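All residue numbers refer to positions in the sequence shown, counting from 1. First listed ligand is number 1; within each ligand, the first listed atom is number 1. What you see is a predicted model; the values in this text were computed from it and never measured.
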Amino acid sequence: MSFYGMKEEQIREYARLVVRTGVNVQQGQYVVVNCPAEHYEFGRLVIEEAYEAGAKEVVMRWGDSVEMRQYYLHASDETLAEFPQWKADSLNYYSRQGAGWISIGGSDPEALKGVNPMKMRIRQAASEKATEEHSKRLMASEIPWTVAAVPQKQWAKKVFPDLPEEEAMASLWKLILQAVRIGNGDAVAAWADHDSFLKKKCKMLNDHAFVKLHYENSIGTDFTVGLVRGHIWEGGSETAGTGTVFEANMPTEEIFTMPDCRVAEGTLVSALPLSYRGNLIRNFRLTFHEGQVVDYSAEEGYETLKSLIDTDEGSKRLGEVALVPYSSPISQMKTLFYNTLFDENASCHFALGECYPTTIRGGAKMSEEELKAAGGNATSMNHVDFMVGTADLKITGIHEDGSEVVLFENGDWAGV
Ligand code: ZN
Ligand code: ZN
């Protein structure tokens with residue numbers, strides 16, 4: 001097998017980690033794997049490990065971005081709008097059986113460049129409608145699921161444009177293995193430790209029930225954000241309806257909650273470039289008043305930033321507050337991955353746009369109106385993370401009575 005000089009044992013350990021810690025395959029369980037065809041070698045390791053862990057059957061859904069591109073370029077709107085029932089039935093069936101779902105990512109970031117976005121929307125709407133039963137289960141984490149990524153040539157070239165292909169692939173493999181904590185003893189145990197650390201921080205913050213957080217650093221961030229009443233800090237593992245504990249994202253470093261989208265004052269300065277719709281926005285700042293972006297600038301990509309903010313009302317407001325220590329592994333890599341799975345775990349961030357209903361008590365059952373009334377950013381086409389964490393970031397939690405607790409100092413947890 002060719003894993004660009006990586007030890008096959010480590011790659012197998014990664015596949016095992018995805019199976020055991022990621023989706024946590026149980027005895028007699030169906031396992032469905034979405035795997036790009038070009039990652040067949042890794043996909044086969046996942047198959048072996050899933051059976052080894054007791055899977056009843058491993059159902060492979062091989063995909064191909066080249067095929068997708070051709071499909072979008074040539075299929076008529078009618079064809080795109082007609083999602084075959086048998087395909088939907090198959091997803092809904094395995095979902096109903098409590099299958100574990102593994103998605104292996106890592107594709108050409110420009111695979112669908114030039115495809116009319118309208119075409120994708122038609123297809124997406126049709127598939128969402130037909131597979132609603134399945135996606136509802138996934139969204140509510142009723143069934144275990146996980147997303148992990150392996151290097152792909154065009155992706156590696158984008159991350160390391162100055163390296164020849166082989167070296168770029170090897171470099172990306174190294175970073176990914178490091179990010180998922182492989183290569184330093186028992187990875188499954190390392191994940192258990194990491195998860196209990198994240199859980200401890202969530203509990204601490206949930207107990208504090210801060211009403212506001214204040215951010216400041218030397219590059220110009222001086223910003224206060226409100227948190228909704230009854231907000232919940234989440235991060236790390238989740239528990240499926242079946243009782244199985246799983247990790248939806250590998251890697252994962254963030255803990256996150258719901259901001260009150262009506263309360264944000266001051267200026268946030270970006271710490272890393274933001275890649276939005278294939279364009280880079282660099283060194284930008286956003287100024288908020290009463291929860292809304294009222295002024296902004298960017299050294300590069302101003303028009304892209306403008307189109308993001310002007311998308312809809314919700315895109316001018318925040319939908320996520322996330323904490324990631326500056327000392328965390330991905331942060332230390334100082335690499336732009338052009339892939340949310342990695343980039344959002346690189347630094348403290350916020351998202352412009354829609355909130356996660358699970359990050360407020362009772363949120364999963366709230367109507368859009370109720371969520372809005374609670375301060376949630378309930379309706380936006382966007383949810384775009386942007387990074388603000390620097391080596392000198394200070395974050396202070398503010399209680400309802402005005403008392404304060406320093407949470408982050410010098411970019412890292414301040415012993416709380
Ligand atoms: Zn996040
Ligand atoms: Zn996010």
Side-chain angles (χ1 to χ4, degrees), residues 103 105 138-139 141 145-149 179-180 194-195 197-199 201-202 205-206 213 215 221 223 225 227-228 231-238 247-261 264 268 270-277 281 284 286 288 293 305 308-309 311-312 314-326 328-331 333 335-360 363-364 371 375-390 393 395 407-408 411 413:
S103 286
L138 275 190
M139 289 304 286
S141 289
W145 57 277
T146 196
V147 180
V180 295
H194 175 51
D195 191 56
F197 177 81
L198 294 178
K199 289 284 182 273
K201 294 301 180 201
C202 288
L205 291 169
N206 287 332
L213 301 181
Y215 288 63
T221 288
F223 178 71
V225 62
L227 303 180
V228 294
H231 66 267
I232 301 170
W233 287 91
E234 284 184 4
S237 64
E238 296 178 51
E247 295 280 354
N249 285 341
M250 308 190 91
T252 187
E253 301 290 338
E254 60 165 351
I255 61 173
F256 57 98
T257 195
M258 192 186 293
D260 186 326
C261 74
L268 278 174
S270 67
L272 284 170
L274 166 62
S275 167
Y276 177 67
R277 302 241 157 109
I281 312 168
F284 58 98
L286 304 171
F288 290 78
V293 176
L305 181 61
L308 160 59
I309 290 168
T311 308
D312 51 27
S315 299
K316 296 174 176 48
R317 295 175 185 271
L318 299 173
E320 178 193 357
V321 179
L323 303 180
V324 180
Y326 193 74
S328 68
I330 299 172
S331 164
M333 292 171 190
T335 302
L336 184 62
F337 285 92
Y338 300 93
N339 182 311
T340 316
L341 187 57
F342 295 88
D343 290 329
E344 78 159 344
N345 283 303
S347 149
C348 282
H349 58 271
F350 291 90
L352 283 171
E354 202 161 81
C355 64
Y356 294 118
T358 56
T359 51
I360 182 169
L371 197 53
N377 195 358
T379 43
S380 175
M381 298 250 297
N382 280 315
H383 174 101
V384 179
D385 294 320
F386 61 96
M387 309 297 141
V388 300
T390 52
L393 182 65
I395 305 174
L407 297 173
F408 263 56
W413 289 105

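- Thr146 and Glu247 make their closest contact through OG1-O, 2.6 Å (heavy atoms, listed as atom of the first residue, atom of the second, distance).
- Here the Zn ion (ligand 1) has protein N, O or S atoms under 2.8 Å from it, and they come to 4.
- Between Phe350 and Phe288, the ring center distance fails the sub-6.0 Å criterion.
- Under a 3.5 Å cut-off, the side chain of Ser270 and the backbone N or O of Phe284 do form a donor-acceptor pair.
- Ring pair Trp413/Phe197 is perpendicular by interplanar angle, where above 60° counts as perpendicular and below 30° as parallel.
- As for His383, its N/O/S atom nearest the Zn ion (ligand 2) is the one called NE2.
- Taking both residues in full, the closest heavy atoms of Pro251 and Phe342 are given as CD-CE2, 3.6 Å, listed atom of the first, atom of the second, then distance.
- If you check the side chains of Glu253 and Ser328, you find no donor sitting under 3.5 Å from an acceptor.
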